[in-house]
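These notes concern the structure reproduced below.
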Amino acid sequence: MEMIGRGVIKAFEMIISRDPEIVMITLLTLKISGIATLISILIGIPLGVILAWSNFPGRKIVISIVNTAMGFPPVVVGLWVFLLLARNGPLGSLELLYTPTAIIIAQAVIASPIVIGLTSAAIMQVDEKMRLQLKSFGATKWQMLLLVLRETKYSLLAAVIAGFGGVISEIGASMMVGGNIKGYTRVLTTATVMETSKGNTDVAIGISIILMLLAYLVTLGLTIMQHREVKE
Amino acid sequence: MIKGLMKKTMMLSLSLLLILGFVVGCSSNEENTSNKENTSSSQENATTQAKEEKGSVILATTTSTQDSGLLDVLVPVFEEQTGYMVKTIAVGTGKALEMGENGEADVLLVHAPTAEQVLVDNGSAINRQLVMHNDFVIVGPKGDPAGISGLTMSEALKKIADSSTLFISRGDDSGTHKKELGLWKAVGIEPAGVWYQETGQGMGETLRVASEKEGYTLTDRATYLALQEEIASQILLEGDKDLLNVYHVMQVNPEKSEMINAEAAKAFVEFMVSKETQEMISEFGVDQYGQSLFFADAGKDENNLSK
């Protein structure tokens, strides 16, 4: 109990004093996971739409693969990205291993299936009758797409929230392809693990509280946006 | 049109990120003007970026050099002196050696002399130099249920095995794990059974497990001292000649990969054995623990190390 109390106090100390190292780690975490989420939106929403509306043999298999990938262990993604980016790997010459870019790549791979899966699920839920009705009103394909996306805004933002939540909290991939390098690839999750093994549990608790606050703030922002969008 | 909507979603996410970034960024900017410490930290960031242009060196090392805080002291000095950026990857010694063998790292700082020699012999590592040592200790619950306190190393291990008292092993092919297996082998015991459990994790985590489950474990002294306040385990056996923990630094053979930064690796090896660095190593930890965590050994004969 005493330890937890000390950790909570430490968290407030770190926030109030704006400990420069913690500020830097927090900003880096936000930047990496934010960019990874943006990439997953760019990849995930179009692919999700295509998956929902197209009809090709083996579509169900593709959907089931995407659904499985939604729950892919980050550490597995981390291992494969590591193997690709390692000096002896196929993309070794890019020298991306142990850089923030490597973490962004891994996190985008983790978040994209989540966004694809939830987007296609949301769009598939739109009533077929609505599509037919729109068609009968003479809507073009693009107009229809826009209307359907509008109809599913709430679910689409939920997909973004899920994607972001998935990557900001993961550690396996960040550790493996980022290497937890001080001042360069150390993010909040890897810092938490390191401080724990260093015997600085209070600092670890403090960082974990900052991580939860950060995840909450971003999700809160997205949720507010979500509800505003729906009201419109 | 779809582009429009996507753009909108993107813009919204982006603006949110920017707002958050701005809030945190702003607050740190504010402080830059008033707080000297913060100014130096932003300068540090600037130099980190500059260093990245000059070139970086991947240092694969054991967790104990990072977890004890030693590298936090040494690395910035090296970066300052040479202008290289050090990418420290703290893993178990087994993994670090493997990274060396595959040319994934430029320089190694590890503590498993026998396994290191293999890399030197097969040409994977060059320029291997003795850096420092400390010692391993056996820690266990306060009550010492197996009664090993005051025994010799081999007697103690036999007693733990005979009484089937819980022993927590790293089980992760780290330097400490290799050392532990060597100790069991020396007394002719093959540790197995419910009393012998492997965590597969780093020293810090393993010490916590040993403390929570009231088991014995082998640890390097530096990591134990760092965790001492947070765990219940006590040092029960120390000072045995078999418990020496020796660290070497070595370059990965540049022939292993075109991407190896041999120049920076060589500079790091030279830095680790330089007089100034050796002094820093000797002084490290004295103010916090009242004793040195590592004993500087550069230039000494490995066979004549004594505590």
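Keep in mind the model is a prediction, meaning the values are calculated, not measured. Throughout, protein chains are lettered first and strands after them, A, B, ... in sequence-line order, and every chain is numbered starting at 1.
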**N-O pairing of A:Arg87 and B:Glu258 below 4.0 Å** =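 Not counted as a salt bridge, because no side-chain N and carboxylate O are separated by less than 4.0 Å.
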**Item:** salt bridge (charged side-chain N to carboxylate O under 4.0 Å, His left out) against B:Glu101, all qualifying residues, sequence neighbours excluded
**Value:**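 For B:Glu101, no residue satisfies salt bridge (charged side-chain N to carboxylate O under 4.0 Å, His left out) once neighbours in sequence are set aside.
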**Largest heavy-atom contact set with chain B, pairs under 4.5 Å, which of A:Met194, A:Met175, A:Lys198** = A:Lys198
Side chain from CB out, backbone as N, CA, C, O: work out which of these in [X] comes under 4.5 Å of a heavy atom of chain A, or both, or neither.
X        : answer
B:Met99  : side chain
B:Ala105 : backbone
B:Gln66  : both
B:Ser257 : side chain

**Request:** Tell me, out of B:Ile260, B:Val91, B:Thr63, B:Leu71, who's got the most heavy-atom pairs with chain A below 4.5 Å.
**Result:** B:Ile260
**Message:** If we define contacts as heavy-atom pairs under 4.5 Å, which of B:Asp106, B:Ile231, B:Thr223 has the most with chain A?
**Reply:**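 If we count pairs closer than 4.5 Å to chain A, B:Asp106 comes out on top.
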**Prompt:** For A:Asn180 and A:Arg186, does a side-chain donor sit closer than 3.5 Å to a side-chain acceptor?
**Reply:**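 Result is yes, a qualifying pair exists.
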**Item:** Passing candidate, side chain to side chain contact (heavy atoms under 4.5 Å, CB included) with A:Ile39, options A:Leu42, A:Ile35, A:Ile41
**Value:** A:Ile35
**Segment of A:Met3 engaging chain B (4.5 angstrom heavy-atom cut-off)** =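 Contact with chain B: side chain only.
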**Item:** Intermediate values then yes/no, side-chain hydrogen bond (donor to acceptor under 3.5 Å, both in side chains), B:Ser68 and B:Ser64
**Value:** CA-CA 6 Å; B:Ser68 62; B:Ser64 55; over 6 Å; no
**Asked** Between B:Thr217 (side chain) and B:Leu207 (backbone), is there a donor-acceptor pair under 3.5 Å?
**Response**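 No.
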